[in-house]
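Following: one structure in structure tokens, then a few remarks.
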Amino acid sequence: MNLKTARLELLPLDPGQHAEALHTVYGNAAVMRWWTSIPTGSVAQTRQLLAEEQARPDATLWALRRADDKLVIGMAGLLGGVAIPGLTWILAEQAWGQGFATEAATAVIDYAFRHVGHDRVEAWVESTNTRSMAVCRKTGLTERGRLSQRYEHREQPHETIVFGRAKKSDPISVLHLDPVLQVADVSATVELLRTALAARVSFTVGEPADMAGLVFGPWSTGPGVRLVRRPAQECAPLEFGLDVSAGFADLYQAVAASGVTGIEPPADKPWGNREFAFRLPEGHRIVVSAPG
Ligand SMILES: CC(C)(COP(=O)(O)OP(=O)(O)OC[C@H]1O[C@@H](n2cnc3c(N)ncnc32)[C@H](O)[C@@H]1OP(=O)(O)O)[C@@H](O)C(=O)NCCC(=O)NCCS
């Protein structure tokens, strides 16, 4: 289905027809810096990449054609093969800075909500991709969470921000899931987790502490745990995982040097992640994980 905006015509993507024009986009390293794959080396490769993106289940992609000069300047649409409807956009470098991506994304979101009947859309954006984040914000998407990803062509994982917009506001919004660890000595555990995982204390209750809240990271909020004091023999061991992006090796060094017990050194897991683990004195097992 064709869509129209003030300055653009959105034409159902046809790799055969649009690959040549879109090769200036997909073949440009500056544009592809944040893409999930490397720049294409020929029109044929661009055609193949477009065909692959379009072949994913439920993918709905459009070529963006400027209404005035009929130049195809990019692609936008709904990704295929994703659990939550996902937005995608890319523009030729010379078309940046003129509002075309925001204009196209607005039309795609309207299509997703009104035509397809989706109740939400997401966009996954690398945390350094400021232009793409600006498109999210201008089209009403807000940050919902962060995760660690590693693209096949890259050595290192990166931090991805998941932006989302619901058609209607959600009745319940869970902001955090904080495990509650029963520990014999709250202050000692705070010290251990500060040294091992650079945890920050967000609050303590009691002196000596009966309870404490910890956040993993330097900010006021983020993933964390709560600690509550219990007699050692009553502490029920828990197990939880921490996903990290960069710094996995440094974190392991800090944990190994912190004096914790039950260390399981880094190993590649069948699900593609690299993980290490350790235990707190009460038997709580903490698994630290990063894309392999
Ligand atoms: C992400 C990307 C599509 C954003 O393109 P963009 O042109 O910056 O985005 P917009 O369409 O929102 O344009 C915004 C700019 O146009 C300007 N503008 C000019 N006329 C405008 C108008 N009529 N309406 C809105 N903005 C306008 C804005 O002021 C803003 O300028 P600025 O960049 O100087 O702040 C582009 O950078 C890109 O192709 N990146 C590589 C691919 C990529 O990363 N895709 C996303 C992966 S998650």
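Because the structure is predicted, anything quoted here is derived from the model rather than measured. Residues: numbered from 1 along the sequence shown. Order of listing sets the numbers, starting from 1, for every ligand and every atom in it.
- When heavy-atom distances to ligand 1 are checked against a 4.0 Å cut-off, L91 comes that close through both its backbone and its side chain.
- Using a 4.0 Å heavy-atom cutoff, A134 is absent from the residues neighbouring ligand 1.
- The nearest non-hydrogen atom to atom 2 (C) of ligand 1, considering only A6, A92, G86, A101, comes from A101.
- Residue R131 places at least one N or O, backbone or side chain, under 3.5 Å from an N or O of ligand 1.
- In the candidate list A30, A95, A104, G99, G99 is nearest to atom 25 (C) of ligand 1, counting heavy atoms.
- Here the straight-line distance linking atom OG1 of T204 with atom CE of M211 works out to 10.5 Å at 0.5 Å rounding.
- Ion pairing between a basic and an acidic side chain is recognised when a charged N comes within 4.0 Å of a carboxylate O; R33 and E126 show no such pairing.
- Counting only heavy atoms of the protein, atom 14 (C) of ligand 1 lies nearest to K138 NZ, 3.1 Å.
- Between D268 and R274, at least one side-chain N (NZ, or NE/NH1/NH2) sits under 4.0 Å from a carboxylate O, which counts as a salt bridge.
- For the atom pair CG of L197 and OG of S258, the computed distance is 7.5 Å after rounding to the nearest 0.5 Å.
- Protein heavy atoms all stay at least 4.0 Å away from atom 35 (O) of ligand 1.
- Considering each of I90, V25, L87, T102, the one bringing a non-hydrogen atom nearest atom 10 (P) of ligand 1 is T102.
- Counting atoms of ligand 1 from 1 in the listed order, those under 4.0 Å from a heavy atom of F100 are 11 (O).
- Assignment of E126 to the shell around ligand 1 is not supported, since no heavy atom sits closer than 4.0 Å.
- Salt bridge annotation for R7-E103: present, with a cationic side-chain nitrogen under 4.0 angstrom from a carboxylate oxygen.
- Close approach to S132 involves these atoms of ligand 1, each under 4.0 Å from a residue heavy atom: 1 (C), 46 (C), 47 (C), 48 (S).
- Atom 23 (N) of ligand 1 is flagged as protein-proximal [any protein heavy atom, distance under 4.0 Å].
- Using a 4.0 Å cut-off between heavy atoms, R7 contacts ligand 1 through its side chain alone, with no backbone atom that close.
- Backbone and side-chain nitrogen or oxygen atoms of Q98 are examined, and one is located within less than 3.5 angstrom of a nitrogen or oxygen of ligand 1.
- Separation of the H284 and F240 ring centroids does not fall under the 6.0 Å cut-off.
- Of the protein's heavy atoms, at least one falls inside 4.0 Å of atom 18 (N) of ligand 1.
- Salt bridge status for R146 with D243: absent, with no side-chain N to carboxylate O gap under 4.0 Å.
- At a heavy-atom cutoff of 4.0 Å, ligand 1 is contacted by the side chain of W35 but not by its backbone.
- Under a 4.0 Å criterion applied to the non-hydrogen atoms of W124, ligand 1 contributes the atoms 48 (S).
- Distance OG1/T60 to CG/L79: 10.0 Å, rounded to 0.5 Å.
- Counting heavy atoms closer than 4.0 Å to ligand 1, residue T88 contributes nothing at all.
- For W89 and F100, the gap between ring centers reaches or exceeds 6.0 Å.
- Between W34 and W96, the ring planes lie tilted relative to each other; the angle falls in the 30° to 60° range.
- Taking 4.0 Å as the cut-off between side-chain N and carboxylate O, R285 and E264 count as a salt-bridged pair.
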